[in-house]
Amino acid sequence: MRTIVITGGTDGMGAALARHYLAAGERVVVVGRSRAKFDALLADAPGESRFIAADLSLVAESRRVVDLLKTSYERVDALVLAASFIRQRRHLTAEGHEASWSLFFLSKYLFVTGLAGPLGAAGKPVVVNTAVPGARPDAIAFDDLEMAGGFSFRRSNAQQRRANELLGILATDRCPRLAYVTWGPSRLVRTGFAGEVGPGMRVSAAVLGRLLGQPPEKAVQPVIGIIDDPAPGRTSCRGATARPLTTGPHDEEDAARLASAVERTL
Ligand SMILES: NC(=O)c1ccc[n+]([C@@H]2O[C@H](COP(=O)([O-])OP(=O)(O)OC[C@H]3O[C@@H](n4cnc5c(N)ncnc54)[C@H](OP(=O)(O)O)[C@@H]3O)[C@@H](O)[C@H]2O)c1
């Protein structure tokens, strides 16, 4: 039986994956905020599961969950990073971190680096990071990661996507057997789009999602393929289609620079 950890596993694509792997008889650990959503998920997918309630926009909570996972499981076969809460504006958490950066990168950094041991103990370890690949190599403001000097949704989104690609370098340098995939759906997915956004974005997500969105169960089929037959190393995909990795002139250096900048803030 594999152990599959899914952040954001209570809703949307994370929940679709949780349902699939519970039905397949795997052990599924879901991290999210809503126990009620988790209980609803279990109603149609009984199996060996565990819910860990946590607000992953808080560094202390991400650390707590990672420690709990490390002490509970010697081996983690698959880690799916799908927690998402979209904020159009800059917002500080109670810890003083910029909330989007904290949820979409600091938390993922802590999970991927902190679970290196249990992932390394798996036969075919895989991390699927739902950070849409393809952001420009220069998307990171190394001197102002939390964008105190000027935030825009677009820049924040591009920065976390690029940072999550560089995180793959750190992870696979440490464990070359690890499959680290930055993945985004091929097109819009009909999910809850959890977040605090303006009426324009909310209405267009709702309308476009309803008209053009694919159901989460369909959208995650390629992710299931990746988890079940992972290829070691770093790759990028949109849907089932492999995308070339975005490469910049100084990727290894940038990954190390990112890690030290982040460590200083943690
Ligand atoms: N939907 C799309 O069309 C689309 C397109 C491109 C990329 N993506 C990416 O795919 C991933 C999944 O998206 P989705 O649309 O399936 O998500 P979603 O339906 O909005 O669900 C978000 C999940 O994240 C959890 N979550 C939110 N804030 C959290 C927090 N502070 N701490 C812990 N968990 C938290 C929610 O759990 P609780 O409610 O229990 O807190 C829920 O399980 C995201 O990375 C998203 O950016 C989605």
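In each ligand, atom 1 is the first atom listed, and ligand 1 is the first ligand listed. Basis for what follows: all heavy atoms, side chains included, without hydrogens, waters or symmetry-related copies.
- The atoms of ligand 1 that sit less than 4.0 Å from any heavy atom of Ser34 are 38 (P), 40 (O).
- Here the protein heavy atom with the shortest distance to atom 12 (C) of ligand 1 is Ala82 O, 3.5 Å.
- Rounding to the nearest 0.5 angstrom, the gap separating the CD atom in Glu61 from the OG atom in Ser107 is 10.0 Å.
- Listed for the Arg177 side chain is a donor-acceptor partner under 3.5 Å among the backbone atoms of Gly123.
- Which of Asn157, Val128, Asp11 comes nearest to atom 21 (O) of ligand 1 through a heavy atom is settled by distance: it is Asp11.
- The environment of Arg35 atom CZ is dense: over 12 non-hydrogen atoms of other residues, nucleotides or ligands sit within 6.0 angstrom.
- Listed by atom number, the atoms of ligand 1 under 4.0 Å from Phe85 heavy atoms are 28 (N).
- Within 6.0 Å of atom CZ in Arg187, more than 12 heavy atoms from other residues, nucleotides or ligands are found, so the atom counts as buried in its surroundings.
- Regarding atom 3 (O) of ligand 1, its nearest protein heavy-atom neighbour is Val189 N, 2.8 Å.
- For the pair Trp183 (side chain) and Gly239 (backbone), a donor-acceptor distance under 3.5 Å is present.
- More than 12 heavy atoms of other shown residues, nucleotides or ligands fall within 6.0 angstrom of atom CZ in Arg64.
- Donor-acceptor pairing under 3.5 Å is lacking for the side chains of Ser102 and Ser57.
- Regarding atom 16 (O) of ligand 1, its nearest protein heavy-atom neighbour is Met13 N, 2.8 Å.
- Glu98 places no side-chain N or O within 3.5 Å of a backbone atom of Met147 that could act as its donor or acceptor partner.
- Of the listed options Lys37, Arg33, Arg35, Lys37 places a heavy atom closest to atom 39 (O) of ligand 1.
- Here is the list of ligand 1 atoms found below 4.0 Å of a heavy atom in Gly8: 23 (C), 24 (O), 25 (C), 43 (O).
- Between Ser84, Ala83, Ala194, it is Ser84 that holds the heavy atom closest to atom 27 (C) of ligand 1.
- Interface atoms of ligand 1 facing Ala54, defined by a heavy-atom separation under 4.0 Å, are 32 (N), 33 (C).
- Under a cut-off of 6.0 angstrom, the local environment of CD in Glu74 is sparse, with at most 12 non-hydrogen atoms contributed by other residues, nucleotides or ligands.
- Applying the 4.0 Å criterion to heavy atoms of Ser57 picks out, from ligand 1, the atoms 31 (N).
- A distance of 12.5 Å separates CG of Leu145 from CD of Gln160, quoted to the nearest 0.5 Å.
- Regarding atom 32 (N) of ligand 1, its nearest protein heavy-atom neighbour is Leu56 N, 2.8 Å.
- Residue-ligand proximity, Leu188 to ligand 1, at heavy-atom distances under 4.0 Å covers atoms 3 (O).
- Of the N or O atoms in Phe104, none lie within a sub-3.5 Å distance of an N or O in ligand 1.
- Here atom 31 (N) of ligand 1 lies nearest to Asp55 when heavy atoms of Asp55, Ile6, Val31 are compared.
- Looking at Val132 against ligand 1, only its side chain comes within 4.0 Å, counting heavy atoms.
- Hydrophobic clustering of Ile, Leu, Val, Met, Phe, Trp and Tyr side chains at less than 4.5 Å, counting indirect connections, keeps Val181 apart from Leu166.
- Of the heavy atoms in Ala219, none comes closer than 4.0 Å to ligand 1.
- Short contacts between ligand 1 and Pro185, defined as distances under 4.0 Å to a heavy atom of the residue, involve ligand atoms 4 (C), 5 (C), 6 (C), 7 (C).
- We find the CG-OG1 distance between Leu58 and Thr93 to be 5.5 Å, quoted to the nearest 0.5 Å.
- To the nearest 0.5 Å, atoms CD (Glu146) and OG (Ser156) are separated by 10.5 Å.
- Counting atoms of ligand 1 from 1 in the listed order, those under 4.0 Å from a heavy atom of Thr130 are 10 (O), 11 (C), 44 (C), 45 (O).
- When hydrogens are left out, the protein atom nearest atom 36 (C) of ligand 1 is Thr10 OG1, 3.8 Å; that is the closest non-hydrogen contact.
- Protein heavy atom in closest approach to atom 15 (O) of ligand 1: Thr191 OG1, 2.6 Å.
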